Structures are given as structure tokens and as C-alpha cells.
Amino acid sequence: MSLSQQSNASEKGGRIALPCVTESPLTPKGTCLESVKIAIDAGYRHIDGAFVYYNEHEVGQAIREKIAEGRIKREDIFYCGKLWNTCHPPELVRPTLEKTLKILQLDYVDLYIIELPMAFKPGEAIYPKDENGKFIYHETDLCATWEAMEACKDAGLAKSIGVSNFNRRQLEMILNKPGLKYKPVSNQVECHPYFTQPKLLEFCRQHDIVIVGYSPLGTSRDETWVNVSSPPLLKDPVLNAIGKKYNKTAAQVALRFSIQRGVVVIPKSFNPQRIRENFQIFDFSLTEKEMKEIEALNKNEES
Ligand code: A2P
């Protein structure tokens with residue numbers, strides 16, 4: 001899939017160097033468009049996106065088509081966009097969000113989050129690397145970036161602002177910032193039965209920060225950061241046995257577990273059947289004993 005149209009909208013040659021996407025490595029053109037439309041028809045309203053997913057133009061098109069069909073209104077949709085690592089300098093924050101809005105062809109995002117607490121060197125390269133193939137990191141002042149995020153909310157470009165992949169110390173930096181105007185409303189982190197994040201969840205609860213759990217079915221097991229010798233979550237005997245009782249899949253049990261503990265789930269699927277399956281979790285509930293059994297599966301390990 002090519003994002004060349006959107007790349008033309010970047011500030012090439014201007015004073016501000018924003019990341020520039022020229023090709024998507026992952027999904028065939030149109031896959032995301034169709035998946036988002038199927039999801040909206042199935043009842044999904046929260047769409048988790050990012051500039052670096054290379055498909056925000058298709059997400060925006062799907063939302064606009066569904067609005068045009070009369071199926072939804074813009075205010076029914078909750079779109080989350082993300083500030084990429086190369087865009088932490090405060091002067092880049094608003095132009096980066098404006099670029100996302102231009103790609104989406106929407107007037108605002110419902111939530112805008114700092115995708116990672118660490119930064120890469122600003123510029124057109126999304127993953128800047130040195131001659132040895134090593135990432136070029138960049139110093140970041142998260143409090144200054146946060147103030148620029150606050151300004152985006154004040155300008156009406158983002159209804160709410162939050163963070164992602166922040167640990168307690170990084171959250172505290174923001175929460176304790178002198179003159180803080182808005183607290184992060186959410187922290188998006190990996191969260192599922194093998195990685196339940198009990199301490200972070202408790203800290204966030206105390207500060208009214210919602211945990212949004214990514215990879216709620218376990219990750220797609222990239223061996224560069226996941227211990228692939230640990231078995232896949234969805235093969236877990238406990239999840240499968242509980243699923244059998246309710247005539248549900250292990251995936252549905254894992255999702256139900258998260259929502260029952262107050263964790264927002266954002267299961268990703270490009271498969272129509274699994275998109276629908278992942279939404280069928282509101283017609284059963286897990287007992288306290290089952291919740292405890294699943295909680296005990298925690299390995300404190302990304303998997
Ligand atoms: P697919 O898109 O083929 O459905 P991530 O870690 O990036 O969130 O990826 C989630 C992975 O889980 C994807 O590979 C997705 O594949 C797969 N998946 C999504 N829903 C289900 C489900 N209900 N059962 C099994 N696998 C699923």
C-alpha cells in the first residue's frame with residue numbers, strides 16, 4: 001500500500017521535518033478500509049490508530065463512508081491517534097497532529113497519545129538509523145511534549161490526551177509537573193492474562209487513568225521482543241476450558257477477563273470472522289473464581 005498522496009502533504013523542504021511515509025510494509029491496499037467498515041457494522045466504535053500504522057487514510061475513509069451511509073455520526077466514533085517518537089519536540093506536536101487529521105480528513109481526534117516515552121531523532125525517517133543500523137535516539141523532555149499536547153486539546157484538535165507505554169515513574173513526571181493543566185486520561189500498554197500489569201493498573205486506578213490494553217490476545221509474537229519459547233496465550237488450557245463452559249473461544253474469554261477488570265481492549269484483526277468474534281463478549285460474564293484463575297496465569301512477561 002502506498003501513502004504517497006499523504007507524503008506529499010508533509011513539510012518537505014519547509015522548516016519543520018515531519019516523518020514521511022512512502023510505502024507500507026504490512027497490509028495490502030484496502031484491507032484496513034474493509035476491516036474498519038466491517039468493525040463499525042459489527043458495533044465497534046473505538047478505533048485505535050497511529051501515523052506509523054501507515055493506514056490512517058483508509059481508517060478515515062471507512063469512517064467517512066459509514067457516516068455518509070447514515071450508519072454512524074462522527075460523534076459516535078472514538079478515534080485514538082498517536083504522536084510518533086520522531087515528533088517529541090514541542091514545536092512538532094501540533095503540526096504532527098494536524099498532519100494526521102489531514103490524512104484522516106477529520107476535524108479532530110477523540111484521543112491523542114504519546115506513543116512511547118522515548119524519542120528518535122526528528123526528521124523524515126520514521127526509524128532513523130546510523131551507519132551501523134542502530135536507532136538514533138534523541139533526548140526528550142516529556143513535560144515539554146506534554147505541554148504541547150495540552151495545547152492541542154485547548155485548540156480542539158484532540159478531545160482528550162494520554163500516553164502509551166509509560167511506566168509509573170514516567171507517569172509521575174507528568175502528574176507532578178508544575179502547572180499541569182490536564183492529566184493523561186489513559187495509558188495504553190500491553191495487557192492480557194499472561195501480562196496483567198497489576199501494579200501499574202492499581203497506580204493508574206488511583207489516578208483515574210484508564211489502562212488501554214494492547215495485544216489483549218497476546219502479541220503477534222515478534223521474536224525481537226517476545227520470548228517465543230513461552231506458549232501462545234490462546235492455547236492456554238485454563239482459557240480454553242473456561243471458554244468451553246460458555247461456548248466461547250479462548251480469545252473471547254481473554255477479552256472478557258480484561259473488560260471485567262476495567263481494562264479497555266483493542267483487539268486487532270483483519271479477519272472478518274475474528275473481528276465479529278471479538279465483539280461477542282457482552283453476553284456472558286466470568287465468575288469471581290474464574291477471574292482469579294485467569295489472574296493466576298500472569299507470567300509478568302510480554303508474550
Ligand atoms: P488476524 O488479523 O489474522 O485476525 P496484535 O498483537 O498486533 O494485536 O495482533 C493480534 C493478533 O491476533 C493478530 O495476528 C490477529 O490476526 C490475531 N487475532 C485477532 N483476533 C483473534 C481471534 N479471535 N482468535 C485468534 N487470533 C486472533
Side-chain angles (χ1 to χ4, degrees), residues 1 24-44 46-56 58-59 62 78-82 84 113 115-116 126-127 164-165 186-197 211-228 230-260 263-284 286 294 297-299 301-303:
M1 161 187 8
S24 166
L26 297 175
T27 43
K29 190 174 169 152
T31 310
C32 175
L33 170 66
E34 280 316 305
S35 300
V36 174
K37 291 201 288 187
I38 289 166
I40 291 174
D41 285 344
Y44 288 76
H46 177 176
I47 301 170
D48 183 73
F51 178 78
V52 285
Y53 298 166
Y54 311 108
N55 54 20
E56 279 190 312
E58 294 194 16
V59 177
F78 185 89
Y79 183 80
C80 169
K82 304 192 184 89
W84 181 236
I113 63 181
E115 187 156 355
L116 281 151
I126 292 186
Y127 295 96
S164 180
N165 296 301
S186 61
N187 184 20
Q188 186 180 127
V189 293
E190 182 180 335
C191 195
H192 50 70
Y194 283 176
F195 196 48
T196 54
Q197 307 257 26
I211 288 274
V212 178
Y214 66 72
S215 295
L217 304 174
T219 70
S220 36
R221 299 170 69 74
D222 180 335
E223 57 190 344
T224 59
W225 57 285
V226 168
N227 171 10
V228 285
S230 137
L233 176 71
L234 298 185
K235 293 253 181 309
D236 187 90
V238 173
L239 295 180
N240 281 282
I242 294 174
K244 225 174 196 170
K245 173 178 161 192
Y246 294 106
N247 203 16
K248 294 286 175 187
T249 62
Q252 289 168 321
V253 173
L255 295 173
R256 182 73 209 181
F257 165 75
S258 287
I259 61 167
Q260 274 187 228
V263 172
V264 172
V265 288
I266 44 172
K268 175 242 136 192
S269 178
F270 284 133
N271 174 291
Q273 196 189 323
R274 289 193 282 277
I275 291 172
R276 294 187 193 103
E277 174 187 326
N278 295 341
F279 199 74
Q280 302 307 316
I281 57 169
F282 302 106
D283 55 357
F284 77 114
L286 301 167
I294 301 174
L297 300 175
N298 184 29
K299 298 173 195 270
E301 190 175 76
E302 292 173 318
S303 42

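Indexing begins at 1, ligand by ligand and atom by atom, following the structure's order. Everything quoted here is computed from the prediction, not taken from an experiment.
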For Asn271, counting its heavy atoms only, list the atoms of ligand 1 lying under 4.0 Å from any of them. 4 (O)
Could you check if a side-chain atom of Val238 sits within less than 4.5 angstrom of a side-chain atom of Ile242, using non-hydrogen atoms only? yes
Please state which protein non-hydrogen atom is closest to atom 2 (O) of ligand 1 and give its distance, to 0.1 Å? Phe270 N, 2.9 Å
Is there a donor-acceptor contact under 3.5 Å linking the side chains of Tyr53 and Glu58? no
Does CG in Asn247 sit with more than 12 non-hydrogen atoms of other residues, nucleotides or ligands closer than 6.0 Å? no
Do Val264 and Ser186 make a side-chain contact, defined as non-hydrogen atoms from C-beta onward lying under 4.5 Å apart? no
Considering only non-hydrogen protein atoms, determine which one is nearest to atom 5 (P) of ligand 1 and report residue, atom name and distance to 0.1 Å. Ser215 OG, 3.9 Å
Under 4.0 Å from a heavy atom of Gly218: give me the atoms of ligand 1 that qualify, with their elements. 6 (O)
Considering only non-hydrogen protein atoms, determine which one is nearest to atom 24 (N) of ligand 1 and report residue, atom name and distance to 0.1 Å. Arg274 CD, 3.5 Å
Judging by distance only, is a nitrogen or oxygen of Leu234 under 3.5 angstrom from one on ligand 1? no
For atom 23 (N) of ligand 1, grab the closest protein heavy atom and report residue, atom and distance to one decimal in Å. Asn278 OD1, 2.8 Å
Would you say Gln252 and Arg256 are linked by a side-chain donor-acceptor pair, where the criterion is simply a distance under 3.5 Å? no
Select the closest option to atom 4 (O) of ligand 1 among Ser269, Pro216, Ser35, judged by heavy-atom distance. Ser269
Would Asn165 and Tyr214 count as having a side-chain donor-acceptor pair, cut-off 3.5 Å? yes
Starting from atom 19 (C) of ligand 1, what is the nearest protein heavy atom, named by residue and atom, and what distance separates them? Lys268 O, 3.2 Å
Lys/Arg-Asp/Glu bridge criterion (N-O < 4.0 Å) met for Glu277, Arg274: no
